[in-house]
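The structure under discussion appears below in the form of structure tokens.
Letters A, B, ... are given to chains in the order of the sequence lines, protein chains preceding strands, and every chain is numbered from 1. Only this structure's heavy atoms are used, side chains among them; waters, hydrogens and symmetry mates stay out. What you are looking at is a predicted structure, and each value in this text was computed from that prediction instead of being measured.
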Number of protein chains: 2
Amino acid sequence: MSVPESKVTCGQTLAKVPIFSGLTESELVFLAERAVPRRYAAGESVFGEGEPCSGLYVVESGHVRIFKSSASGREQVLSIDGPGSSIAELPVFDGGNYPASVTAIDDATLLFVSKQDFQALCLAHPQVALKVLRVVGARLRRLVGIIEELSFTTVRHRLASFLLRLAQKEGKRSAAGVEITLPASNQELAAHIGTVRELVSRNLSRLQAEGMLQIDGRTVTISNLKALEAEIDSPE
Amino acid sequence: MSVPESKVTCGQTLAKVPIFSGLTESELVFLAERAVPRRYAAGESVFGEGEPCSGLYVVESGHVRIFKSSASGREQVLSIDGPGSSIAELPVFDGGNYPASVTAIDDATLLFVSKQDFQALCLAHPQVALKVLRVVGARLRRLVGIIEELSFTTVRHRLASFLLRLAQKEGKRSAAGVEITLPASNQELAAHIGTVRELVSRNLSRLQAEGMLQIDGRTVTISNLKALEAEIDSPE
DNA sequence: GCCCCTTCGTGACAAAAGTCATCGGCATGG
DNA sequence: CCATGCCGATGACTTTTGTCACGAAGGGGC
């Protein structure tokens with residue numbers, strides 16, 4: 001009996017997912033046989049906030065955006081996740097609905113694992129449950145961080161720290177400073193730091209006027225890193 | 001060999017903790033022998049944000065307050081937990097430091113379980129890990145709820161929804177409406193809804209002026225429940 | 001090239017949030 | 001009984017945030 005090719009691909013992907021690392025070959029196959037690959041076009045919804053939770057997803061390729069949206073149309077991004085990340089690990093266990101919405105940012109392939117299969121796996125392999133707890137821990141820290149920023153800081157602060165996080169992660173050193181690429185639109189950036197398009201635009205301009213940045217389309221060069229850093233840890 | 005009395009008490013407490021429900025008698029004893037009771041006076045710190053995490057706590061009696069504090073002295077309460085709640089379940093697994101601070105609100109007794117003991121327990125009893133995931137799920141939902149409120153709503157909204165939550169939980173019907181008791185001080189209330197003392201005071205007065213409430217010291221009677229409810233789900 | 005659509009930047013406002021200072025009540029403790 | 005200190009209320013003011021409206025820039029698609 002031969003294993004379909006798509007299942008083999010699943011297996012290879014699964015082995016790279018943090019929460020499944022440590023499983024044996026045969027266990028991965030077991031899981032791969034039960035994981036359903038689903039393809040999403042850029043912008044397509046994976047699930048919406050409030051829908052009943054049927055299982056968890058693992059990102060195989062592409063990126064997803066986890067966010068809340070308000071009645072008035074504003075959005076707050078909670079997390080962006082790429083290959084290897086699992087999403088909705090938690091609602092699987094507490095039986096509630098999905099607490100936030102998820103869409104694909106670019107074309108993406110996700111593996112779907114049903115609640116039942118996953119719970120069975122956790123019971124059979126306690127290490128998996130511990131791994132899940134670990135990634136959930138990271139998620140919780142991020143959420144607490146967002147709360148902290150929203151509760152204590154201004155849009156200006158949040159923008160500065162967003163830029164610095166970007167610089168940390170994917171910044172390239174150039175002659176004039178550290179070069180980073182902004183999210184697709186200011187609207188999107190606003191959803192990350194919990195505000196609206198206009199304030200992002202204004203605050204970016206202001207930081208540039210103050211000589212910390214140099215903006216060129218979606219590319220920003222941080223020319224005065226020190227000043228920008230001073231911005232985030234000084235209350236004034 | 002006799003079991004010390006304090007250990008027996010621990011065992012009785014532990015049986016009532018959600019994450020430990022389902023353990024057998026002997027397993028509870030095993031855990032009780034390793035749990036260390038610690039007493040805290042009202043206001044005393046249990047641990048501070050950023051401290052390395054050595055284990056988790058279970059609330060035996062009293063209440064604790066989980067919160068973040070800012071450089072400028074403001075605080076944001078993340079959760080209030082009472083008997084039966086476990087706290088800091090998560091940092092135990094991801095190896096990081098405590099993400100927030102915890103103090104006792106009133107005189108309290110907590111049971112401390114070391115990281116090692118707890119991890120061993122989870123490995124030996126996968127159901128425990130699943131239970132942990134469940135309570136953590138609830139915690140995550142609460143955090144996402146806080147983010148949603150901070151990001152999308154005004155102080156007025158947050159105050160209204162705080163009052164309604166209080167009414168839901170501990171409200172007593174009286175002639176004039178639903179009667180609730182506010183937190184000890186406006187400062188404390190402010191920390192719950194992410195603002196400052198003055199705004200709480202002003203907004204409470206305003207709600208009273210508009211006829212929704214009747215304030216008498218720390219007691220509030222919600223005289224127009226409908227209106228207050230309308231406040232929270234209308235964007236205006 | 002030309003239209004259509006989106007996004008950006010901005011000015012002008014309006015509303016909300018936060019700061020500062022003051023006053024008055026109330027409890028505590030000498 | 002008075003002094004002291006904490007807390008609540010409130011007025012005056014500043015800063016921040018958010019809204020609305022508009023014009024300019026750019027990128028497809030036809």
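Close to D:dG18, at under 4.0 Å from its OP1 or OP2, lies a side-chain N or O of A:T195. Between A:N186 and C:dG9 there is a side-chain polar atom (N or O) within less than 4.0 angstrom of OP1 or OP2. In terms of phosphate contacts, A:S201 brings no side-chain nitrogen or oxygen within less than 4.0 Å of OP1 or OP2 of C:dT10.
B:R206 has its CZ atom 15 Å from the C1' atom of D:dT10, to the nearest Å. At whole-Å resolution of the value, CG in B:L204 and P in D:dT10 are 11 Å apart. Distance A:R156 CZ to D:dG18 P: 16 Å, rounded to the nearest Å. A:E149 places its CD atom 13 Å from the P atom of D:dT17, with the value rounded to the nearest Å. When the P atom of D:dG18 is taken as reference, atom CZ of A:R202 falls 11 Å away, rounded to whole Å. D:dG26 atom C1' lies 14 Å from atom CG of A:D216, rounded to whole Å. With rounding to whole Å, B:I215 atom CD1 is found 9 Å from D:dT10 atom P. Between B:E198 atom CD and D:dT14 atom P the separation is 17 Å, expressed in whole Å.
Here the shortest heavy-atom pairing between A:F47 and A:A88 reads CZ-CB, 4.0 Å.
To the nearest 0.5 Å, the span separating CG on B:L228 from CG on B:L159 amounts to 8.0 Å.
Of the candidate nucleotides D:dT17, C:dG9, D:dT10, D:dT17 has the atom lying nearest to any side-chain atom of A:V155. Taking only side-chain atoms of B:T154, from C-beta outward, the nucleotide of D:dC7, C:dA16, D:dT16 with the closest atom is C:dA16.
Contact check on B:E149 versus B:R165 returns a salt bridge, with a Lys/Arg side-chain nitrogen under 4.0 Å from an Asp/Glu carboxylate oxygen. Using a 4.0 Å cut-off between charged nitrogen and carboxylate oxygen, A:E44 and A:R38 do not count as a salt-bridge pair.
Taking 3.5 Å as the limit, the base of D:dG18 and the side chain of A:R197 contain no donor-acceptor pair of atoms between them.
Residue-to-nucleotide proximity on DNA chain C shows that, of B:N203 and A:S205, the 5′-proximal contact is made by A:S205.
With hydrogens and angles left out, the side-chain atoms of B:R158 and B:T195 include no donor and acceptor closer than 3.5 Å.
At the heavy-atom level, B:R74 lies under 4.0 Å from the strands shown only through sugar-phosphate atoms. Within the nucleic acid shown, A:R218 comes within 4.0 Å of sugar-phosphate atoms alone, with no base atom in reach, counting heavy atoms only.
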